[in-house]
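Below: the structure, in structure tokens.
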Amino acid sequence: MNSTFVKLADNHLSISIEPPKFLHLANHGLKIYNFKRYEYVPLRNDVLWCIKKGIVRTMTWDEDGNQIVLGLWKEGDIVGSLMSTLDPYQIQCLNDVELEVLPSILWEQASTAIINHCQQTQQLLSIAHCRTIDLKLKKFLSWLSDKFGQPCDRGITIGIKLTHQDIADTIGSTRVTMTRSLNQLRIQGLLSWKNHYLTLHQDFPEKIFPSFWESPI
């Protein structure tokens, strides 16, 4: 790994990485590793990780040490250093997480999850290239509602705790800009925020992923 990148990454890894706890599954002998919020998943070149519970994000850093969020992943998704050629590359847990080791002999069975990983990465890349920060934010919130949303009386609650800084890191902005933009959407009655959980209201714009918003025919 490039020594400059290592130094930059180390400056951001404020949580120490401890050896994960694991247990053996009786049905197929694979291992489940348990991690806490903000812990980093050890990188292995010989396995992929299948998320059994919780949410993780994948990240890298640019040459100035700025964090770049590559994706947000939940139960059923596949993550791992083998999914990226970036260096540095890290996997961070956003809540309590259970990960199952997926050895190479089982990768063929995970082809659908791997394809989904590629598709979601392309969606986030498309959002990152939106022409304005406001448009990026609206499309990113809509993407979150499709992946992590649960219907509620007012619209859709995004079932993942996010700070203004988390959102800024993901779409390439600043915390100050995110706070201002989110407050504008709140004043317009398009969303509400409670205990770090966002709810997008029924008239929220940019419904680029309409699965929750549109009733089936």
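One-based numbering along the sequence shown.
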Compare every heavy atom of [Y] with every heavy atom of [X], then report the nearest pair and how far apart it is.
{"X": "C93", "Y": "K36", "result": "CB-O, 3.5 Å"}
{"X": "L94", "Y": "R37", "result": "O-NH1, 2.5 Å"}
{"X": "N95", "Y": "I55", "result": "OD1-N, 2.9 Å"}
{"X": "S181", "Y": "L137", "result": "CB-CD2, 3.5 Å"}
{"X": "V79", "Y": "M83", "result": "C-CG, 4.2 Å"}
{"X": "L43", "Y": "Y89", "result": "CD1-O, 3.0 Å"}

Taking [X] for its side chain and [Y] for its backbone only, find out whether a donor-acceptor pair lies under 3.5 Å.
{"X": "T199", "Y": "S192", "result": "no"}
{"X": "T157", "Y": "G159", "result": "no"}
{"X": "H201", "Y": "G189", "result": "yes"}
{"X": "T179", "Y": "R175", "result": "yes"}
{"X": "N34", "Y": "E98", "result": "no"}
{"X": "S145", "Y": "S142", "result": "yes"}

If you look only at pairs with a residue in residues 69-79, which of them pass as a side-chain hydrogen bond (donor to acceptor under 3.5 Å, both in side chains), with sequence neighbours excluded?
-> T58-W73, D77-K147
Check whether any side-chain heavy atom of L72 sits under 4.5 Å from a side-chain heavy atom of L124, and report yes or no.
-> no
Could you check F35 against D96 for side chain to side chain contact (heavy atoms under 4.5 Å, CB included), going step by step and ending with a plain yes or no?
-> CA-CA 6 Å; F35 299 88; D96 289 347; over 6 Å; no
Using a strict cut-off of less than 4.0 Å between a Lys/Arg side-chain nitrogen and an Asp/Glu carboxylate oxygen, indicate whether D166 and R57 qualify as a salt bridge.
-> yes
Evaluate the criterion side chain to side chain contact (heavy atoms under 4.5 Å, CB included) for residue pair L86 and L70; output intermediate values, then yes/no.
-> CA-CA 10 Å; L86 295 175; L70 304 172; 3.7 Å; yes
Check whether the side chains of Y40 and Q92 place a donor and an acceptor atom closer than 3.5 Å, and report yes or no.
->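 Looking only at side-chain atoms, Q92 and Y40 do form a donor-acceptor pair, the distance falling under 3.5 Å.
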Side-chain heavy atoms under 4.5 angstrom apart, residues restricted to Ile, Leu, Val, Met, Phe, Trp, Tyr: same cluster for I68 and V56?
-> yes
